[in-house]
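Each remark here refers to the structure printed beneath this line.
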There are 2 protein chains.
Amino acid sequence: MTSVHTGSRARTRQAILDAAIEVLARNPAASLGDVAEAADVGRTTLHRYFPERGELLTALRAEATARLDRAAVRARIDEGPGATALARLCQEYFDLGDVLSLLFLEQVTFEGEEGGCDEGFDAMVRRGHADGSIDPELPPVWVQNLLWSQLYAGWNYLAEHGASRHDTLRLVLRCVSGAVRPHP
Amino acid sequence: MTSVHTGSRARTRQAILDAAIEVLARNPAASLGDVAEAADVGRTTLHRYFPERGELLTALRAEATARLDRAAVRARIDEGPGATALARLCQEYFDLGDVLSLLFLEQVTFEGEEGGCDEGFDAMVRRGHADGSIDPELPPVWVQNLLWSQLYAGWNYLAEHGASRHDTLRLVLRCVSGAVRPHP
DNA sequence: CCATAGTGGAACACTGCTGTTCCGTTCTGG
DNA sequence: CCAGAACGGAACAGCAGTGTTCCACTATGG
């Protein structure tokens, strides 16, 4: 099935994943019918790709974390001062939009995904501790929580008030960097 | 238990509300059976007090916002510099625990509760703008979002990692005040 | 003591979602 | 053009949560 000819299966599968991210991000309790409809696909077809709901969610997490990893690469989190790298990552994550809130909401429901936090993220924060750009009293996991909740707040602000994407990003960046900056 | 004639109805009702806050905060999709069980009450009795699920949720929001208001009073948000008052409010909110995350999660699902933010909160932030303790570029609604998401992150940190209540509160306070502090 | 309010359990119908099967239609490559 | 893959719709059973009814069981105060 996979092999040389991508066929239309890959496209359909991707369409379903994209739609699922969008729909489930806005309403984690959405039905499979809603997802299928959003993907312009029959519910039967959806079941053909993901026989059970859990399999869809698993594939969804995989897709989301893949996008997250790509964002981390783009942000070059292993370069420059810790706080600067964090700001770049923040911006990249911000652009992920729905993916972010999906993971954020699922983190609540389906906890226990990871014990600590990303490899590179941890290193970035420690680098920030060393170069004095991130308060050493803030553990990496805490900074990660901080970043995520801040991004979610921004996404929420964007959705419920008529704020522009650009302004919201500015606010998020300002507050994140302000929060991690060492005390004077 | 309470006053002269209140009967046991008031007690039972309160027990249901308390249990509902606790259960629904941890799992917003919990069934009424779960709530009844947590309240040590038959499902029939629960339906006697709240005939439909929506009525329970409404009463729950009322209860939660009442506790929120009381916390705001205790924090004396109309006294002292804006940032200091914000810190006091942050601490009081932190102590609310489950109530907070319940409202936070419901804010997601049942949006459209309020157009802006609290009366007193708005005044507090503006006072902070004026006295230079809160960055004037941060709108009150944003600060409110910031505070809530930060508290939720703290609650999450507390639940998933073995952090102590005291340390977590310190981290939250540090990050909130750092985030709203004007740039140097 | 006994009438009554408060309660809990069992049973029921109803609803919405899920997972599955079957079949007819449409698209596509050889 | 034609065979096979991909798709969509309809129908079905199963399941869980909900809302309701009915009845039996405690308490408690008058």
Side-chain angles (χ1 to χ4, degrees), chain A residues 1-63 102 105-106 108-111, chain B residues 1-63 102 105-106 108-111:
Chain A
M1 341 248 153
T2 52
S3 80
V4 202
H5 313 291
T6 354
S8 64
R9 292 194 56 91
R11 266 178 301 147
T12 304
R13 182 187 154 94
Q14 195 57 44
I16 292 177
L17 286 180
D18 290 344
I21 288 179
E22 186 179 336
V23 171
L24 292 179
R26 301 188 197 286
N27 173 23
S31 73
L32 296 184
D34 295 335
V35 174
E37 186 183 12
D40 267 318
V41 147
R43 198 167 66 91
T44 309
T45 302
L46 194 155
H47 274 301
R48 218 169 263 130
Y49 286 82
F50 307 98
E52 296 190 4
R53 188 178 228 270
E55 302 185 30
L56 173 61
L57 293 184
T58 300
L60 220 50
R61 266 198 291 271
E63 169 75 13
L102 173 70
L105 292 176
E106 287 218 344
V108 177
T109 311
F110 302 85
E111 47 186 304
Chain B
M1 195 63 83
T2 51
S3 68
V4 201
H5 276 154
T6 21
S8 65
R9 291 193 61 91
R11 265 181 301 150
T12 304
R13 183 188 155 94
Q14 194 57 43
I16 292 176
L17 286 180
D18 290 345
I21 288 178
E22 186 180 335
V23 170
L24 293 179
R26 301 188 196 286
N27 173 23
S31 73
L32 295 184
D34 296 336
V35 175
E37 187 183 11
D40 267 319
V41 147
R43 198 167 64 91
T44 309
T45 302
L46 194 156
H47 274 300
R48 217 169 264 133
Y49 285 82
F50 307 99
E52 296 190 3
R53 190 178 226 273
E55 303 185 29
L56 174 61
L57 293 183
T58 300
L60 220 50
R61 266 198 292 272
E63 169 76 12
L102 173 70
L105 292 176
E106 287 218 345
V108 178
T109 312
F110 304 83
E111 49 187 300

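These figures come from a predicted structure and were not determined experimentally. Chain A is the first sequence line, chain B the second, and so forth, proteins listed ahead of strands; every chain is numbered from 1.
Atom CG in A:Asp40 sits roughly 16 Å away from atom C1' in C:dC27 (whole-Å rounding). Rounded to a whole Å, the CZ atom of A:Arg43 is 14 Å from the P atom of D:dC12. To the nearest angstrom, C1' of D:dA5 lies 13 Å from CZ of A:Arg11. If you measure from atom CD of A:Glu37 to atom P of D:dG9, you get 10 Å, rounded to the nearest angstrom. A:Leu46 places its CG atom 16 Å from the P atom of D:dA6, with the value rounded to the nearest Å. Taking atom CZ on B:Arg9 and atom P on C:dT4, their separation rounds to 17 Å, with Å as the unit. Look at CG on A:Leu57: it is 10 Å from P on C:dT18, rounded to the nearest Å.
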Let me see the working for A:Leu105 and A:Leu24 under side-chain contact (heavy atoms from CB on, under 4.5 Å), right down to the final yes or no.
-> CA-CA 9 Å; A:Leu105 292 176; A:Leu24 292 179; over 6 Å; no
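Each of A:Leu17, A:Asp40, A:Thr45 was evaluated against A:Thr12; a single residue qualifies, A:Thr45, per the side chain to side chain contact (heavy atoms under 4.5 Å, CB included) test.
At a threshold of 4.5 Å between non-hydrogen side-chain atoms, the residues B:Leu32 and B:His47 count as touching.
Annotation for A:Arg13 and A:Phe50: closest pair NH1-CE2, 3.5 Å, computed over non-hydrogen atoms. In plain terms, the two heavy atoms of B:Leu46 and B:Val41 that are nearest each other are N-CG1, 3.9 Å.
The listed nucleotides are D:dG19, C:dG6, D:dA6; the one nearest the side chain of B:Leu32 is D:dG19. Nearest to the side chain of A:Ser8, among D:dG8, C:dG6, D:dC7, sits D:dC7. When distances run from any side-chain atom of B:Arg53 to the nucleotides D:dA6, D:dT21, D:dT18, the shortest one goes to D:dT18. Side-chain proximity of B:Glu52 to C:dG8, C:dG19, D:dG19: nearest is D:dG19.
Judged by atom type and distance alone, A:Thr44 reaches the base of D:dG9 through a side-chain donor-acceptor pair under 3.5 Å.
Note on A:Tyr49: every side-chain N or O is 4.0 Å or more away from OP1 and OP2 of D:dA6.
Between A:Ser31 and A:Arg48, the residue anchored nearer the 5' end of DNA chain C, judged by the nucleotide with its closest heavy atom, is A:Ser31. Closest-nucleotide positions on DNA chain C for A:Asp34 and A:His47 were compared, and the one nearer the 5' end corresponds to A:Asp34.
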